[in-house]
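Comments concern the structure below.
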Amino acid sequence: MSLLSVIVPCFNEEESVTDFYTELMKNQPYFQEKKLDLEILFIDDGSKDNTVGKIKELKQKDDRVRMISFSRNFGKEAAMYSGLENAKGDYVVIMDVDLQDPPALLPDMYAYIQEGYDSVATRRVTRKGEPPIRSFFARCFYRLMKRISKTEIMDGARDYRMMSRQMVDAILQMQEYNRFTKGIYGWVGFQTKWLEYENVERAKGETKWNFWKLLVYSVEGITAFSTAPLMFASFMGVLFCILAFALIVFTIIRKVVFGDPVSGWPSLVCIISLVSGVQLFCLGILGQYLSKTYMEVKRRPIYLIKEEI
Ligand code: UDP
Ligand code: MG
(Lines give C-alpha, C1' and ligand atoms only; values in the text may rest on other atoms or scores of the structure.)
(Ligands and ions follow the chains in the order given, each with its own letter.)
Protein backbone atom coordinates (compact mmCIF):
# COMPACT_ATOMS: atom_id res chain seq x y z
CA MET A 1 0.00 0.00 0.00
CA SER A 2 1.18 3.55 -0.70
CA LEU A 3 0.21 6.49 1.43
CA LEU A 4 -1.28 9.72 0.09
CA SER A 5 -1.12 12.73 2.40
CA VAL A 6 -3.76 15.38 1.85
CA ILE A 7 -2.66 18.69 3.35
CA VAL A 8 -5.49 21.10 4.09
CA PRO A 9 -4.67 24.60 5.42
CA CYS A 10 -7.64 26.05 7.31
CA PHE A 11 -8.13 29.51 8.71
CA ASN A 12 -11.56 30.27 10.19
CA GLU A 13 -13.24 27.57 8.12
CA GLU A 14 -15.73 25.97 10.52
CA GLU A 15 -18.39 26.00 7.80
CA SER A 16 -16.26 24.21 5.23
CA VAL A 17 -14.37 21.47 7.10
CA THR A 18 -17.16 18.86 7.15
CA ASP A 19 -18.23 19.52 3.56
CA PHE A 20 -14.67 19.20 2.41
CA TYR A 21 -14.31 15.84 4.14
CA THR A 22 -17.56 14.56 2.60
CA GLU A 23 -16.51 15.67 -0.87
CA LEU A 24 -13.03 14.15 -0.50
CA MET A 25 -14.48 10.82 0.60
CA LYS A 26 -16.36 10.52 -2.69
CA ASN A 27 -13.01 9.38 -4.07
CA GLN A 28 -12.75 6.60 -1.50
CA PRO A 29 -13.71 3.76 -3.93
CA TYR A 30 -10.96 4.93 -6.29
CA PHE A 31 -8.38 5.06 -3.49
CA GLN A 32 -9.37 1.57 -2.40
CA GLU A 33 -9.12 0.20 -5.90
CA LYS A 34 -5.64 1.72 -6.29
CA LYS A 35 -4.58 0.42 -2.87
CA LEU A 36 -3.92 3.95 -1.71
CA ASP A 37 -4.02 4.70 2.00
CA LEU A 38 -5.04 8.18 3.01
CA GLU A 39 -3.83 10.63 5.62
CA ILE A 40 -5.78 13.87 5.94
CA LEU A 41 -3.62 16.48 7.58
CA PHE A 42 -5.55 19.60 8.56
CA ILE A 43 -3.36 22.58 9.40
CA ASP A 44 -5.32 24.96 11.57
CA ASP A 45 -3.67 28.32 10.96
CA GLY A 46 -4.67 29.91 14.27
CA SER A 47 -8.41 29.96 13.58
CA LYS A 48 -10.54 31.99 15.96
CA ASP A 49 -13.76 30.07 15.27
CA ASN A 50 -14.68 26.43 15.84
CA THR A 51 -12.47 25.00 13.08
CA VAL A 52 -10.45 22.96 15.58
CA GLY A 53 -13.66 21.55 17.10
CA LYS A 54 -14.92 20.50 13.67
CA ILE A 55 -11.63 18.78 12.86
CA LYS A 56 -11.72 16.95 16.20
CA GLU A 57 -15.24 15.74 15.38
CA LEU A 58 -13.90 14.29 12.14
CA LYS A 59 -11.02 12.68 14.00
CA GLN A 60 -13.51 10.75 16.13
CA LYS A 61 -15.21 9.42 13.01
CA ASP A 62 -12.09 8.73 11.01
CA ASP A 63 -8.72 7.77 12.37
CA ARG A 64 -6.89 8.90 9.24
CA VAL A 65 -7.51 12.54 10.17
CA ARG A 66 -4.57 14.41 11.72
CA MET A 67 -4.38 17.99 12.86
CA ILE A 68 -1.68 20.52 13.55
CA SER A 69 -2.87 23.69 15.19
CA PHE A 70 -0.74 26.85 15.14
CA SER A 71 -0.35 29.20 18.09
CA ARG A 72 -1.58 32.08 15.91
CA ASN A 73 -2.27 32.91 12.28
CA PHE A 74 0.99 32.46 10.39
CA GLY A 75 -0.47 32.62 6.87
CA LYS A 76 -1.15 30.00 4.24
CA GLU A 77 2.48 29.76 3.16
CA ALA A 78 3.51 28.72 6.67
CA ALA A 79 0.58 26.30 6.85
CA MET A 80 1.62 24.63 3.60
CA TYR A 81 5.23 24.36 4.73
CA SER A 82 4.22 22.80 8.01
CA GLY A 83 1.99 20.36 6.11
CA LEU A 84 4.82 19.30 3.84
CA GLU A 85 7.16 18.95 6.79
CA ASN A 86 4.77 16.74 8.74
CA ALA A 87 3.24 14.67 5.93
CA LYS A 88 4.30 11.05 5.97
CA GLY A 89 2.94 10.08 2.57
CA ASP A 90 4.71 8.70 -0.49
CA TYR A 91 2.62 11.23 -2.36
CA VAL A 92 1.43 14.56 -1.08
CA VAL A 93 -1.35 16.82 -2.26
CA ILE A 94 -2.18 20.32 -1.00
CA MET A 95 -5.83 21.40 -1.14
CA ASP A 96 -7.95 24.35 -0.04
CA VAL A 97 -10.75 23.51 2.33
CA ASP A 98 -13.28 25.76 0.55
CA LEU A 99 -13.75 23.25 -2.32
CA GLN A 100 -12.20 25.62 -4.85
CA ASP A 101 -9.76 22.80 -5.53
CA PRO A 102 -12.13 20.10 -6.78
CA PRO A 103 -11.35 16.72 -5.12
CA ALA A 104 -12.79 15.09 -8.24
CA LEU A 105 -9.46 15.83 -9.98
CA LEU A 106 -7.53 13.57 -7.59
CA PRO A 107 -7.88 10.35 -9.63
CA ASP A 108 -6.54 12.13 -12.72
CA MET A 109 -3.66 13.58 -10.75
CA TYR A 110 -2.75 10.24 -9.28
CA ALA A 111 -2.88 8.60 -12.69
CA TYR A 112 -0.34 11.10 -14.06
CA ILE A 113 1.93 10.59 -11.05
CA GLN A 114 1.82 6.87 -11.76
CA GLU A 115 2.82 7.63 -15.33
CA GLY A 116 6.05 9.06 -13.99
CA TYR A 117 5.46 12.79 -13.48
CA ASP A 118 7.01 14.21 -10.31
CA SER A 119 4.16 16.60 -9.79
CA VAL A 120 0.74 17.32 -11.19
CA ALA A 121 -0.31 20.95 -10.85
CA THR A 122 -3.55 22.72 -11.60
CA ARG A 123 -4.32 26.09 -13.09
CA ARG A 124 -7.55 27.93 -13.57
CA VAL A 125 -8.15 29.08 -17.09
CA THR A 126 -10.96 31.43 -16.06
CA ARG A 127 -11.29 33.82 -13.18
CA LYS A 128 -15.07 33.81 -13.11
CA GLY A 129 -16.57 35.19 -9.91
CA GLU A 130 -13.54 37.30 -9.05
CA PRO A 131 -13.64 41.11 -8.94
CA PRO A 132 -12.39 42.35 -12.37
CA ILE A 133 -9.85 44.69 -10.79
CA ARG A 134 -8.32 41.76 -8.91
CA SER A 135 -8.07 39.67 -12.10
CA PHE A 136 -6.51 42.61 -13.91
CA PHE A 137 -3.76 43.08 -11.35
CA ALA A 138 -3.20 39.34 -11.12
CA ARG A 139 -2.63 39.22 -14.89
CA CYS A 140 -0.23 42.19 -14.69
CA PHE A 141 1.68 40.46 -11.91
CA TYR A 142 2.18 37.26 -13.90
CA ARG A 143 3.17 39.16 -17.03
CA LEU A 144 5.73 41.15 -15.04
CA MET A 145 7.09 38.05 -13.33
CA LYS A 146 7.52 36.32 -16.66
CA ARG A 147 9.78 39.16 -17.75
CA ILE A 148 11.85 39.75 -14.65
CA SER A 149 12.27 36.32 -13.15
CA LYS A 150 14.07 33.28 -14.49
CA THR A 151 11.86 31.04 -12.40
CA GLU A 152 8.77 29.84 -14.20
CA ILE A 153 5.58 31.06 -12.52
CA MET A 154 2.41 29.99 -14.30
CA ASP A 155 -0.52 32.38 -14.66
CA GLY A 156 -3.56 31.13 -12.78
CA ALA A 157 -1.61 28.38 -11.03
CA ARG A 158 -3.26 27.14 -7.85
CA ASP A 159 -1.52 25.72 -4.84
CA TYR A 160 -3.52 22.53 -5.57
CA ARG A 161 -0.81 20.10 -6.57
CA MET A 162 0.12 16.47 -6.09
CA MET A 163 3.79 15.70 -5.63
CA SER A 164 6.10 12.76 -5.25
CA ARG A 165 8.11 12.32 -2.06
CA GLN A 166 11.25 13.32 -3.94
CA MET A 167 9.83 16.70 -4.90
CA VAL A 168 8.45 17.31 -1.40
CA ASP A 169 11.90 16.69 0.06
CA ALA A 170 13.38 19.13 -2.44
CA ILE A 171 10.88 21.82 -1.42
CA LEU A 172 11.61 21.19 2.25
CA GLN A 173 15.25 21.99 1.60
CA MET A 174 14.19 25.54 0.84
CA GLN A 175 13.86 26.85 4.34
CA GLU A 176 13.49 30.53 3.57
CA TYR A 177 11.32 32.62 5.85
CA ASN A 178 9.72 34.72 3.10
CA ARG A 179 8.00 31.90 1.28
CA PHE A 180 6.43 32.22 -2.14
CA THR A 181 5.41 28.69 -2.95
CA LYS A 182 4.37 29.37 -6.55
CA GLY A 183 7.96 30.36 -7.26
CA ILE A 184 9.47 27.58 -5.16
CA TYR A 185 7.68 24.94 -7.25
CA GLY A 186 9.20 26.39 -10.39
CA TRP A 187 12.61 26.79 -8.81
CA VAL A 188 12.99 23.15 -7.73
CA GLY A 189 12.15 21.99 -11.24
CA PHE A 190 11.13 18.35 -11.79
CA GLN A 191 8.63 17.28 -14.37
CA THR A 192 5.23 18.84 -13.93
CA LYS A 193 1.99 17.99 -15.67
CA TRP A 194 -0.51 20.88 -15.81
CA LEU A 195 -4.22 20.22 -15.51
CA GLU A 196 -6.57 23.03 -16.45
CA TYR A 197 -9.99 23.67 -15.06
CA GLU A 198 -12.61 26.38 -14.88
CA ASN A 199 -12.62 28.47 -11.75
CA VAL A 200 -14.90 27.13 -9.04
CA GLU A 201 -16.38 29.64 -6.65
CA ARG A 202 -15.88 29.21 -2.93
CA ALA A 203 -18.59 26.95 -1.45
CA LYS A 204 -19.00 28.60 1.95
CA GLY A 205 -17.42 31.33 4.02
CA GLU A 206 -15.36 34.19 2.65
CA THR A 207 -11.99 34.60 1.00
CA LYS A 208 -9.18 35.53 3.39
CA TRP A 209 -7.51 37.74 0.82
CA ASN A 210 -8.23 41.37 0.23
CA PHE A 211 -6.65 43.63 -2.34
CA TRP A 212 -4.01 44.99 0.01
CA LYS A 213 -2.92 41.54 1.20
CA LEU A 214 -2.59 40.40 -2.40
CA LEU A 215 -0.52 43.46 -3.28
CA VAL A 216 1.88 42.79 -0.40
CA TYR A 217 2.02 39.13 -1.41
CA SER A 218 2.93 40.06 -4.97
CA VAL A 219 5.79 42.26 -3.76
CA GLU A 220 6.92 39.26 -1.70
CA GLY A 221 6.88 37.16 -4.87
CA ILE A 222 8.89 39.70 -6.83
CA THR A 223 11.57 40.23 -4.20
CA ALA A 224 11.82 36.49 -3.52
CA PHE A 225 12.30 35.46 -7.14
CA SER A 226 13.84 38.40 -8.96
CA THR A 227 16.51 41.00 -8.41
CA ALA A 228 15.46 42.94 -11.51
CA PRO A 229 14.08 45.88 -9.46
CA LEU A 230 17.60 46.45 -8.06
CA MET A 231 18.92 46.46 -11.60
CA PHE A 232 16.22 48.95 -12.48
CA ALA A 233 17.35 51.23 -9.64
CA SER A 234 20.95 51.20 -10.88
CA PHE A 235 19.74 51.79 -14.42
CA MET A 236 17.74 54.84 -13.34
CA GLY A 237 20.84 56.14 -11.57
CA VAL A 238 22.90 55.91 -14.75
CA LEU A 239 20.12 57.44 -16.85
CA PHE A 240 19.83 60.46 -14.58
CA CYS A 241 23.62 60.96 -14.54
CA ILE A 242 23.60 61.13 -18.32
CA LEU A 243 20.66 63.54 -18.28
CA ALA A 244 22.38 65.72 -15.70
CA PHE A 245 25.55 65.83 -17.79
CA ALA A 246 23.57 66.89 -20.86
CA LEU A 247 21.92 69.62 -18.80
CA ILE A 248 25.30 70.93 -17.59
CA VAL A 249 26.56 71.17 -21.14
CA PHE A 250 23.32 72.87 -22.17
CA THR A 251 23.57 75.42 -19.34
CA ILE A 252 27.20 76.27 -20.09
CA ILE A 253 26.48 76.76 -23.78
CA ARG A 254 23.49 78.95 -22.95
CA LYS A 255 25.64 81.11 -20.67
CA VAL A 256 28.39 81.47 -23.26
CA VAL A 257 26.07 82.18 -26.20
CA PHE A 258 23.21 84.12 -24.55
CA GLY A 259 24.82 85.18 -21.26
CA ASP A 260 21.81 84.24 -19.13
CA PRO A 261 22.63 81.82 -16.28
CA VAL A 262 19.95 82.89 -13.77
CA SER A 263 16.49 82.30 -15.24
CA GLY A 264 15.00 78.82 -15.00
CA TRP A 265 13.63 78.58 -11.48
CA PRO A 266 10.48 76.61 -12.53
CA SER A 267 12.48 74.05 -14.48
CA LEU A 268 14.84 73.67 -11.52
CA VAL A 269 11.95 72.88 -9.19
CA CYS A 270 10.60 70.30 -11.66
CA ILE A 271 13.95 68.61 -11.97
CA ILE A 272 14.55 68.53 -8.21
CA SER A 273 11.15 67.02 -7.43
CA LEU A 274 11.40 64.45 -10.22
CA VAL A 275 14.87 63.35 -9.22
CA SER A 276 14.05 63.16 -5.53
CA GLY A 277 10.97 61.08 -6.40
CA VAL A 278 13.09 58.65 -8.37
CA GLN A 279 15.61 58.57 -5.54
CA LEU A 280 13.01 57.73 -2.93
CA PHE A 281 11.50 55.09 -5.19
CA CYS A 282 14.88 53.40 -5.67
CA LEU A 283 15.57 53.67 -1.97
CA GLY A 284 12.25 51.94 -1.39
CA ILE A 285 13.29 49.09 -3.68
CA LEU A 286 16.52 48.73 -1.75
CA GLY A 287 14.53 48.80 1.48
CA GLN A 288 12.33 45.94 0.30
CA TYR A 289 15.32 43.69 -0.27
CA LEU A 290 16.97 44.83 2.93
CA SER A 291 13.88 44.09 5.01
CA LYS A 292 13.57 40.63 3.48
CA THR A 293 17.22 39.99 4.24
CA TYR A 294 16.68 41.23 7.79
CA MET A 295 13.79 38.83 8.36
CA GLU A 296 15.74 35.99 6.77
CA VAL A 297 18.82 36.60 8.92
CA LYS A 298 16.82 36.45 12.15
CA ARG A 299 16.05 32.79 11.41
CA ARG A 300 12.74 32.88 13.19
CA PRO A 301 10.68 29.68 12.99
CA ILE A 302 8.19 29.66 10.10
CA TYR A 303 5.38 28.48 12.40
CA LEU A 304 4.75 27.45 16.01
CA ILE A 305 2.56 24.50 16.98
CA LYS A 306 0.09 24.76 19.84
CA GLU A 307 -1.63 21.40 19.53
CA GLU A 308 -1.17 18.26 17.48
CA ILE A 309 -3.45 15.23 17.12
N1 UDP B 1 -5.71 30.03 4.62
C2 UDP B 1 -4.82 29.79 5.65
N3 UDP B 1 -4.25 30.85 6.30
C4 UDP B 1 -4.51 32.15 5.96
C5 UDP B 1 -5.40 32.38 4.88
C6 UDP B 1 -5.98 31.31 4.23
O7 UDP B 1 -4.54 28.64 5.98
O8 UDP B 1 -3.97 33.05 6.58
C9 UDP B 1 -6.33 28.89 3.89
C10 UDP B 1 -7.85 28.96 3.82
O11 UDP B 1 -8.46 28.40 4.95
C12 UDP B 1 -8.15 28.16 2.57
C13 UDP B 1 -6.92 28.44 1.69
O14 UDP B 1 -5.91 28.90 2.57
O15 UDP B 1 -8.20 26.75 2.81
C16 UDP B 1 -7.22 29.45 0.60
O17 UDP B 1 -7.75 30.64 1.16
P18 UDP B 1 -8.86 31.49 0.45
O19 UDP B 1 -9.95 30.59 -0.07
O20 UDP B 1 -9.27 32.55 1.39
O21 UDP B 1 -8.06 32.12 -0.77
P22 UDP B 1 -8.54 32.24 -2.30
O23 UDP B 1 -9.06 30.90 -2.70
O24 UDP B 1 -9.59 33.29 -2.31
O25 UDP B 1 -7.29 32.61 -3.05
MG1 MG C 1 -10.54 29.93 -1.83
Side-chain angles (χ1 to χ4, degrees), residues 5-24 40-55 58 65-87 92-103 105 121-139 141-142 153-161 177-182 185 197-218 220-221 302-307:
S5 301
V6 183
I7 298 171
V8 197
C10 308
F11 176 50
N12 294 342
E13 302 277 10
E14 58 180 2
E15 291 170 304
S16 308
V17 170
T18 318
D19 292 357
F20 170 81
Y21 177 80
T22 317
E23 198 63 30
L24 180 68
I40 311 163
L41 178 52
F42 286 99
I43 313 290
D44 161 53
D45 188 7
S47 299
K48 293 234 161 37
D49 62 1
N50 192 28
T51 305
V52 173
K54 291 281 179 192
I55 297 170
L58 285 181
V65 172
R66 285 174 64 201
M67 182 192 73
I68 289 176
S69 183
F70 288 177
S71 61
R72 65 167 170 86
N73 180 244
F74 280 90
K76 190 184 177 190
E77 288 290 341
M80 290 193 291
Y81 181 74
S82 149
L84 292 175
E85 227 179 10
N86 292 284
V92 175
V93 61
I94 300 177
M95 298 176 81
D96 283 4
V97 74
D98 58 6
L99 293 175
Q100 278 191 300
D101 298 336
L105 285 178
T122 57
R123 62 185 284 258
R124 321 182 268 188
V125 282
T126 57
R127 287 178 172 270
K128 180 171 63 88
E130 211 183 53
I133 181 102
R134 192 169 145 176
S135 307
F136 172 74
F137 276 100
R139 290 235 165 76
F141 170 73
Y142 286 110
I153 295 168
M154 191 69 108
D155 185 4
R158 304 271 314 165
D159 292 319
Y160 184 22
R161 183 185 281 253
Y177 181 81
N178 298 289
R179 300 190 74 76
F180 186 71
T181 306
K182 286 187 169 96
Y185 288 143
Y197 70 98
E198 303 254 320
N199 190 28
V200 184
E201 285 184 51
R202 179 178 251 279
K204 283 181 184 160
E206 272 175 18
T207 174
K208 309 292 175 300
W209 294 91
N210 55 34
F211 188 75
W212 179 249
K213 269 190 172 177
L214 277 172
L215 192 72
V216 171
Y217 187 58
S218 65
E220 202 118 291
I302 295 171
Y303 62 90
L304 290 173
I305 295 178
K306 190 178 82 179
E307 191 185 358

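First listed ligand is number 1; within each ligand, the first listed atom is number 1.
- Considering only heavy atoms from C-beta on, L105 comes within 4.5 Å of T122 through its side chain.
- Residue D98: an N/O/S atom is found under 2.8 Å from the Mg ion (ligand 2).
- Seen from the ring of F70, R72 does not count as a face-on cation partner, given the 6.0 Å and 45° thresholds.
- Below 3.5 Å of separation, one finds no N or O of A79 facing any N or O of ligand 1.
- Annotation: atom 1 (N) of ligand 1 to nearest protein heavy atom, F11 CB, 3.8 Å.
- At a heavy-atom cutoff of 4.0 Å, ligand 1 is contacted by both the backbone and the side chain of V97.
- The two atoms that bring S47 and F11 nearest to each other are OG-CA, 3.4 Å, heavy atoms only.
- Between D159 and K76 there is a salt bridge, with a side-chain nitrogen of the basic residue lying less than 4.0 Å from a carboxylate oxygen of the acidic one.
- The option from P9, A78, S47 that lies nearest to atom 9 (C) of ligand 1, judged by heavy atoms, is P9.
- Counting only heavy atoms of the protein, atom 4 (C) of ligand 1 lies nearest to D45 OD2, 3.4 Å.
- A salt bridge links R158 with D96: at least one charged nitrogen is closer than 4.0 Å to a carboxylate oxygen.
- Near D98, the atoms of ligand 1 lying under 4.0 angstrom from a non-hydrogen atom of the residue are 19 (O), 23 (O).
- Heavy-atom contacts from other residues, nucleotides or ligands closer than 6.0 Å to CZ of F136 number 12 or fewer.
- In terms of protein heavy-atom proximity, atom 16 (C) of ligand 1 is closest to D96 OD2, 3.2 Å.
- Coordination check, T207 versus the Mg ion (ligand 2): failed, since every N/O/S atom of the residue sits at 2.8 Å or beyond.
- Among protein heavy atoms, atom 23 (O) of ligand 1 sits closest to Q100 OE1, 2.6 Å.
- When hydrogens are left out, the protein atom nearest atom 12 (C) of ligand 1 is E13 OE2, 3.5 Å; that is the closest non-hydrogen contact.
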Criterion side chain to side chain contact (heavy atoms under 4.5 Å, CB included) on L214 and S218, from CA distance to verdict: CA-CA 6 Å; L214 277 172; S218 65; over 6 Å; no

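- The nearest heavy-atom contact from the protein to atom 24 (O) of ligand 1 is T207 OG1, 2.7 Å.
- In I43, neither the side chain nor the backbone holds a heavy atom less than 4.0 Å from any atom of ligand 1.
- For ligand 1 and C10, the ligand atoms under 4.0 Å from any heavy atom of the residue are 7 (O), 11 (O).
- The aromatic rings of F42 and F20 sit perpendicular to each other, their planes meeting at more than 60°, with 30° as the lower class boundary.
- Atom 21 (O) of ligand 1 has W209 CD1, 3.1 Å as its closest protein atom, hydrogens excluded (heavy atom only).
- Scanning all heavy atoms of the two residues, the minimum distance from I43 to G83 falls at CD1-CA, 3.7 Å.
- For the pair I153/F180, a side-chain contact is recorded, criterion being any heavy-atom separation below 4.5 Å from C-beta on.
- When only non-hydrogen protein atoms are considered, atom 20 (O) of ligand 1 lies nearest to K208 N, 2.6 Å.
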